[in-house]
Amino acid sequence: MPLARIDLIEGKSAEYRRTIADVVYEQMITCLGVPEDRFQVISEHKPENFLFDADYLSYYRSENCIFIQLIFLDVASGDQKAAFYKAVVGELQDKLRVRPEDVFFNLMTVEPADFSMGMGRATYINGVPVDRLDPDSIPD
C-alpha cells in the first residue's frame, strides 16, 4: 500500500514514464519488502514549475532530474532503503540512460492509522490485514 510519487519535467514519452514507475514498483517490493499493491502518481511539470538545486552536494543535476517520493509504513531498515536507492538508479541508468545524479529520493514513513484505503475507514488503525485483499482480516 505504499504511495509512490514520481515527478519530472514534461515531455517524456508514456513508455519512459511507465518504465520509471515499473522500476520503482519492482524495487519497492524487492528491496523494501512492501506488499505487491500498486499506488503510483506520475506528475509532469513545466520547466518553470520544476525547481531544484542543480549542484547541491556537488551532484550536477540536469533538466532530466526525477523526484521519487514514497510514503509507506516504516517497515524497511536503513540498509534496505540504501539498496532501494542503488537498485532504482542502476535500473534507470540501464533502461533509460538516466544519469545517477538526476535521481532524487525522499522516503516518508507513516503510522498505520495514516492510511485510508477507501470507504472512509482508517484501514490499518488496528493493524495491517493478514490477507491484503480482506480488510476484515486484522489480527487479534
Quiz prompt | Lys/Arg cation over aromatic Y25: R38, 6.0 Å, 45° cone | solution = yes
Practice problem: State whether the side chain of N49 and the backbone N or O of K46 hold a donor-acceptor pair below 3.5 Å, judged by distance alone. | Solution: no
Self-check item: Stepwise side chain to side chain contact (heavy atoms under 4.5 Å, CB included) test for K95 and T19
Solution: CA-CA 8 Å; K95 293 181 177 183; T19 299; 4.1 Å; yes
Practice problem: Would you indicate whether the side-chain heavy atoms of I6 and I66 approach each other to under 4.5 Å? | Solution: yes
Self-check item: Gap separating the CG atom of L96 from the CG atom of D102, nearest 0.5 angstrom
Solution: 12.0 Å
Practice problem: Ignoring hydrogens and angles, tell me if any N or O in the side chain of D74 forms a donor-acceptor pair with the backbone of T109 under 3.5 Å. | Solution: no
Quiz item: What distance separates S58 OG from E101 CD, expressed to the nearest 0.5 Å?
Solution: 11.0 Å
Quiz item: Linking I/L/V/M/F/W/Y whenever their side-chain heavy atoms sit closer than 4.5 Å, directly or via other members, would F104 and I68 fall into one cluster?
Solution: no
Quiz prompt | Test item: R17 side-chain N/O and K12 main-chain N/O as donor-acceptor pair under 3.5 Å | solution = yes
Practice problem: Would you mind reporting whether L92 and V103 have side-chain heavy atoms less than 4.5 Å apart? | Solution: yes
Self-check item: F105 ring center within less than 6.0 Å of F67 ring center
Solution: no
Quiz prompt | Inter-residue atom distance E44.CD - F50.CZ, 0.5 Å rounding | solution = 10.5 Å
Quiz item: Do the side chain of R99 and the main chain of C65 share a donor and acceptor less than 3.5 angstrom apart?
Solution: no
Practice problem: Please assess I71 against D114 for the test side chain to side chain contact (heavy atoms under 4.5 Å, CB included), listing each intermediate value before the final yes or no. | Solution: CA-CA 10 Å; I71 303 166; D114 294 328; over 6 Å; no
Self-check item: Residue pair C31 / Q80, side-chain heavy-atom distance below 4.5 Å
Solution: no
Quiz item: Are any side-chain N or O atoms of R61 and backbone N or O atoms of D53, one a donor and one an acceptor, separated by less than 3.5 Å?
Solution: yes
Self-check item: Residue pair D7 / S43, side-chain heavy-atom distance below 4.5 Å
Solution: yes
Practice problem: Indicate if V75 and V110 have the same hydrophobic cluster label, given that clusters are the connected sets of ILVMFWY residues with side-chain heavy-atom separations under 4.5 angstrom. | Solution: yes
Practice problem: Please step through side chain to side chain contact (heavy atoms under 4.5 Å, CB included) for the pair V98 and N64, ending with a clear verdict. | Solution: CA-CA 8 Å; V98 172; N64 293 313; over 6 Å; no
Quiz prompt | Side chain proximity check, L3 to L70, heavy atoms < 4.5 angstrom | solution = no
Quiz prompt | Greater than 12 external heavy atoms within 6.0 Å of E48's CD | solution = yes
Self-check item: Shortest non-hydrogen contact from Q40 toward A21
Solution: NE2-O, 2.9 Å
Practice problem: Please confirm whether K81 makes a cation-pi placement over F84, using NZ or CZ under 6.0 Å from the six-membered ring centre and within 45° of the ring normal. | Solution: no
Quiz item: Linking I/L/V/M/F/W/Y whenever their side-chain heavy atoms sit closer than 4.5 Å, directly or via other members, would V88 and V41 fall into one cluster?
Solution: yes
Practice problem: Taking all non-hydrogen atoms of both residues into account, name the closest pair between I9 and P47 and its distance. | Solution: CG2-CG, 3.9 Å
Quiz item: What do the steps show when you test E91 against V23 for side chain to side chain contact (heavy atoms under 4.5 Å, CB included), and what is the final call?
Solution: CA-CA 7 Å; E91 276 200 60; V23 166; 3.7 Å; yes
Quiz item: Closest approach of Y16 and S13, non-hydrogen atoms and distance?
Solution: N-OG, 3.0 Å
Practice problem: Look up atom OH in Y85 and atom CD in Q27, then write down how far apart they are to the nearest 0.5 Å. | Solution: 13.5 Å
Quiz item: Got more than 12 heavy atoms from elsewhere within 6.0 Å of OH, Y59?
Solution: no
